[in-house]
2 protein chains.
Amino acid sequence: MTNAPRSASSRPVHLDDVSKAIIEQLQVDGRRSYADIGKAVGLSEAAVRQRVQRLTESGVMQIVAVTDPMQLGFTRQAMIGIRAGGDTRELAERLAEIPELDYVVLTAGSFDLMAEVVCENDEELINLLNSRIRNLPGVHSTETFVYLKLQKQFYNWGTR
Amino acid sequence: MTNAPRSASSRPVHLDDVSKAIIEQLQVDGRRSYADIGKAVGLSEAAVRQRVQRLTESGVMQIVAVTDPMQLGFTRQAMIGIRAGGDTRELAERLAEIPELDYVVLTAGSFDLMAEVVCENDEELINLLNSRIRNLPGVHSTETFVYLKLQKQFYNWGTR
DNA sequence: AGTGAAACGACCGTAGA
DNA sequence: TCTACGGTCGTTTCACT
C-alpha cells in the first residue's frame, strides 16, 4: 500500500545527457517504444532498452500509472501540519498506514510532521482529523490547510 | 515544464472493477503488456487497450516516468508555507514558473500558499528563498519546513 | 556499452456480435 | 463495449565489436 522507501545511495548517480534525454521522453509518455526513443536520442533500440532497465532496476526511475484524484471524486485535499512529542518516527509510521494520507514527511520547523490527505468530502476529512490523527500517541496539535487550487504538480524531479 | 493542469470534471468518473484492476496493474508496472493485463483481469488484449486509451485520453490516468530526486543528488527538500496579500492566483503562477518548486498549491488557513522545493544543497535553498520567493510581489512572510525523512509517497490517488 | 539481424511477441485496425 | 484475426511494428536474444 505504501510505496517502497527508496534506497537513497550515499553518492548521487550521475546521468549523462543521453540518459536524461531518455527520461525526458518517458516523462511525456511512459509507453513510448524504445525504438522511437532511440530515434529521438540517437541510439539503437537495444541500447535504449538496456539503459531504461538499469535506470529502473537501480531505482532512479520508475514507469507507473498516476491517477487524478479530482476526476475520481476525491475533491477535498489538504496539507496537515502536526506538532508532536516523543519519537516522531514511530508516529510517522502510524500515519503512513492511513490510506487517506498519500504523503507523510518528517520535518524540521514549527511542525514536526506534515501529511497530505485526499478525501471524498469534508466529513471524511473531519473524521480523519478527529478520530484517527489527533488521538494518535504523541500528537500535540494539528493545523489544516485545505487546498483551494493545485497550481503545479511535477513528478519529474531531478531532471529539470 | 509545468505539468498541465488537470481538467477537473464536475461529475466524477465512475470506474468499474475491471478498470480499477487495470489501473492497479499499471501502477506496479506501467509498461506491462496489454495481453498480460488482459490475462490478469479477464479481458482480451484489444479491450484492455481500448480502456487504457480512454483512461489516458480522459485524463483520469497517465503513464509516466517518475524519478527519485535523492538518488540524483537533490538531497535537500522542504515545504514552504507562504503568507501573502493581493491576488494569490497571480503569485501562484509566478511560483509555478520556478523550476526548483515541484509543487505549488493555493490553500486556506494560516498560509495562503504552500510550495515544495527540491534542491541540491542548502545554499540553493537559501538563495531561492531570499532572492526568488520572498521578494515576489504580494509575499508577506514565509516559513520553511526542511524535510528530515520522507515516510510515505503515493502517486496512486483515488484508487486506494 | 554499443550494433545488427532474425525469431518471437505485442500492438493496431477492422469486422462482426 | 467486447472478441477475433491478420498485418505491421516492437522487443528479445545472440553473436560480434
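Only this structure's heavy atoms are used, side chains among them; waters, hydrogens and symmetry mates stay out. Bear in mind the structure is a predicted one, so any value in this text is a computation, not a measurement.
The C1' atoms of dA1(C) and dC16(D) are separated by 13 Å, rounded to the nearest whole Å.
Minimum atom distance to the side chain of Ser33(A) is reached by dG10(D), of the listed dT3(D), dG10(D), dT3(C). For Asp36(B), taking side-chain heavy atoms from C-beta onward, the closest of the listed nucleotides dA10(C), dC2(D), dT3(C) is dA10(C). Of the listed nucleotides (dG2(C), dT3(D), dC12(C)), dC12(C) has the atom at the smallest distance from the side chain of Tyr34(B).
Following rounding to the nearest Å, Gln50(B) (CD) and dA15(C) (C1') show an atom-to-atom distance of 13 Å. Atom C1' of nucleotide dA6(C) and atom CD of Glu45(A) are separated by 13 Å, given to the nearest angstrom. Atom CZ in Arg49(B) sits about 18 Å away from atom P in dG9(C), given to the nearest Å. Distance His14(B) NE2 to dT1(D) P: 12 Å, rounded to the nearest Å. What separates CG of Asp29(B) from P of dA10(C) is a distance of 13 Å, to the nearest Å. When rounded to the nearest whole Å, the span between CG of Asp16(B) and P of dT1(D) equals 10 Å.
Counting non-hydrogen atoms under 4.0 angstrom, Arg51(B) reaches the backbone sugars and phosphates but no base.
Considering only side-chain N and O atoms, Arg32(A) lies nowhere under 4.0 angstrom from the phosphate OP1 or OP2 of dC9(D).
The only option from Asp112(B), Leu95(B), Leu136(B) that meets the side chain to side chain contact (heavy atoms under 4.5 Å, CB included) definition with Ile82(B) turns out to be Leu95(B).
Ile126(B) and Met79(B) are assigned to two separate hydrophobic clusters, defined by single-linkage of ILVMFWY side chains at heavy-atom distances under 4.5 Å.
Shortest non-hydrogen contact noted between Val41(B) and Val48(B) is CG2-CG2, 4.4 Å.
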